[in-house]
Each structure stands twice: as C-alpha cells, then as structure tokens.
Amino acid sequence: MSLQSQYNITEKTMASYSPLDQLSSTYLIEVIKKGSVVVFEAGDVLFEKGHALKFHYYLLAGKITVKKGLFSSKTVDSKRKESKHPINHLIPSDATVKAQTTGHLFLVDPKLLDRALAWSESNPKNDNNGPKKNSKTITPNAAQGEFDEEYFNWMTSLLEFPLFLNLPPANITELFDQFERVEVEKGQTIIQENDEGDYFYLLINGSAQVVVGDPKTKVATLRPGAYFGEEALVSDIVRSASVIMEEDGCLARLDKESFQKLLHSPLVQYVSIAEYRNTLAAPEEKMALLDIRSLSEFEHIPMPDCLHIPLSELRDSLSKLDKSVAYYLTEDGGQRSDIAAHILSQHQFKVFVLRN
Ligand SMILES: Nc1ncnc2c1ncn2[C@@H]1O[C@@H]2COP(=O)(O)O[C@H]2[C@H]1O
C-alpha cells in the first residue's frame, strides 16, 4: 500500500488545495502519484536553518513551529486556511522548523506541477476523454467521458520526457496528438545509418543500441526516456548512426514536419528580469505586467503593480487589453504564462514571458 493511500491523499482530498484545485483530474492523479509523503513525530526537526526548498510542501496534518532567531516563533497548523496552499513562503531559509505534533507533509515537484497546470489549462475540456483528434494508434475508447486507461498511460508516458519541459505548453496538446505509437521487436532497425531523416523518436519501453560503421560498433545504449533521431532532422544531413532494438519495446515517433514545426521552432519570446528592468527604465512603448495565475494564488501572494487575469478567463478578456501595450507575463505563472503568451500573440498582442 502506498503512503498516498495510507494517508488518504486522493484526488478528492487534494482537490481542496491550491493550485491543485486547478488541475484536471488526469493531471491531479499524476501529481499525487509522483508526490512523496513525509511523516513526522512531535519534536522532529523538519528543516534546519539555511535549508533550501526543492518542493512545494503541503502540510496535510499536524502542527509545526517555525522559529527565527531567539524570539520569533510561529505555529503553522494544517487545519488553518493558510495550509490550503504550499507552506513554502511560511518557512524562510533563516528559520528552523520543528514538528509540534505528529503529522505529515506532501511534497510536490514544482516542475511537474507547473507542467500539469499548464497542460490542464491548455486542454481543459480534454479531461479523461482521450485525444481530441488525429491520434493514429491510440484511440479513445471512452468518447463518452469514461476513463480511457490506455490513452491515460500513453499521455503520462509522454509527460515523463524532460524534453517537453521547456516547450511552450500550448504546443504540447497538438504535439502529443501528432505522436504515433509504434510497437517494435528485438533486432528491428529503427534508423539506418546514412538514410535521410524522416522521424524523431522517443523510447517509451525497451532498450536500443546506437551503432556506427561497418562492422558495426556500438556507441551507446538507449533506455526508456531517451530520444533519438533529432540530428538528421535538425541539421538536414543523413542519419549519423543506426539504432537497433535490443529487446521488444514501444516507441513514439513524430514526422519531420511536425518535429520542425512543434518541437524545433519555439514560438514564445522570453525576456530576463534584468532586460525587463532595463526596458522599464527607458520604455519605448507602454508596458504592463500581467499575472495569469488563479485568483486564489494571486490573492495569496499578490504581485504589486500588476494586472491580473486568470488564464481561464484570458480569452474572454481580450477586449479589456490594449494592443498598443507590450504585455510582460510574470515568471510566477510558470508555463501557464507561455500559454497566455500564445493566446495573446495569436490575437496580435505584443507579449513577452519573463524568465530568469
Ligand atoms: N553517441 C550517441 N549517443 C546517443 N545517441 C546517439 C549517438 N550518436 C547518435 N545518436 C542518435 O542516433 C541517431 C541516428 O539518427 P540521427 O543522426 O538523426 O540522430 C542520432 C542520435 O539521435
């Protein structure tokens, strides 16, 4: 039994936490599955002074004491409203954090959450309904809204690839629809050295050898999570090596045109905070900061001097925006800011995403 089930960390219980409440059911399940549980006893030291927070920490049960210096001490209680958000901002790095009672924390990888939020927003109506269009091999069995496990497994296997982390999320849904699933057998040659490039591949299951020359010399072994076949597509030269399956497995492949369009040409313009500040000091045009997080996230940690339109309302709020203004989407919006940038640029707004 997983700790998640043991501590009743389910889709239903976690949907009351922010911003998990923004996730579609498919992604919330995935985030819960990939999260971890830390159980503590009264008196345990949870964070030493000088700690760095690598996760979003949800205090699901118990009370903790946050102690700064000699005299400042604050209790964080899982039963209070503030604990419906990650407690990260309540536990600064110059504080020591101790458990007052038994309890547990739930840890969520911020990158995973960011992606899941972005993809939930980019495809809100696709919850458990399978692909919208064009899925070549994985077809939804559950067009009427039942849970389609095969499609879910396929989507989550693609979501595992870090390759997609830095892509504009608005492209992801279209991109995933273009991927074709291919079952392959041990000994099968997937790519032949010196051939023209036609497909880009993700290795979902099984392992493969990369070999060069004649006689063949192995230069690498590819395991699930690897991708290959990009060099010929990026550089327009012939295949640099052969790729041969070492065992039966499963691949996802993407044709050259979709690869170039959806993976290779990033559509979003990024601007560093320093560049933004320089432009702000001597603006050549009107500028505005735009935060597209949900209302509860925005109210919880407000951003001063910033326009707020939740991403879910952006399409309906375009008439409130001004095309003579350059909009800078805040970094806090993570990949949802990228989606917003897509929506805005599709409607001919001038838009940039702030990134450090
Ligand atoms: N040394 C290597 N390690 C891992 N992958 C490789 C190596 N050499 C080539 N490849 C992959 O094998 C692919 C063969 O086709 P491409 O040249 O299109 O792209 C190549 C890379 O993706």
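Computed from heavy atoms alone, side chains included, the values below leave out hydrogens, waters and symmetry copies. Both ligands and their constituent atoms are indexed starting at 1 by order of listing.
Ring planes of Phe228 and Tyr201: parallel class, angle under 30° (limits at 30 and 60°). Using the six-membered ring where Trp is involved, Tyr328 and Tyr276 have ring planes that are tilted, between 30° and 60° apart. Under the 30°/60° scheme for interplanar angles, the aromatic rings of Tyr17 and Tyr58 are found to stand perpendicular.
A salt bridge links Glu246 with Lys218: at least one charged nitrogen is closer than 4.0 Å to a carboxylate oxygen. Between Glu183 and Arg181, at least one side-chain nitrogen of the basic residue sits less than 4.0 Å from a carboxylate oxygen of the acidic one, meeting the salt-bridge criterion.
Nearest protein heavy-atom contact of atom 20 (C) of ligand 1 is Ser240 OG, 3.6 Å. In terms of protein heavy-atom proximity, atom 12 (O) of ligand 1 is nearest to Val243 CG2, 3.8 Å. Protein heavy atom in closest approach to atom 15 (O) of ligand 1: Arg239 CD, 3.3 Å. Annotation: atom 2 (C) of ligand 1 to nearest protein heavy atom, Ala220 CB, 4.0 Å. What sits closest to atom 21 (C) of ligand 1 on the protein, heavy atoms only, is Glu231 OE2, 3.6 Å. Among protein heavy atoms, atom 14 (C) of ligand 1 sits closest to Ala241 O, 3.5 Å. Atom 1 (N) of ligand 1 has its closest protein heavy atom at Val219 CG2, 3.8 Å.
Residue Gly229 places a heavy atom less than 4.0 Å from ligand 1.
When ring centroids are compared, His89 and His300 come within the 6.0 Å threshold. A ring-centre distance under 6.0 Å is found for Tyr57 and Phe47. Taking the six-membered ring for Trp and the full ring otherwise, Phe352 and Tyr327 have centroids separated by 6.0 Å or more.
Of all atoms in ligand 1, listed by their number and element, those nearer than 4.0 Å to a heavy atom of Phe228 are 22 (O). Per-residue contacts place Val210 under 4.0 angstrom from the following atoms of ligand 1 (heavy atoms of the residue considered): 5 (N), 6 (C), 7 (C), 8 (N), 9 (C), 10 (N), 12 (O).
Proximity of Val212 to ligand 1, defined as any heavy-atom pair under 4.0 Å, is not found for any part of the residue.
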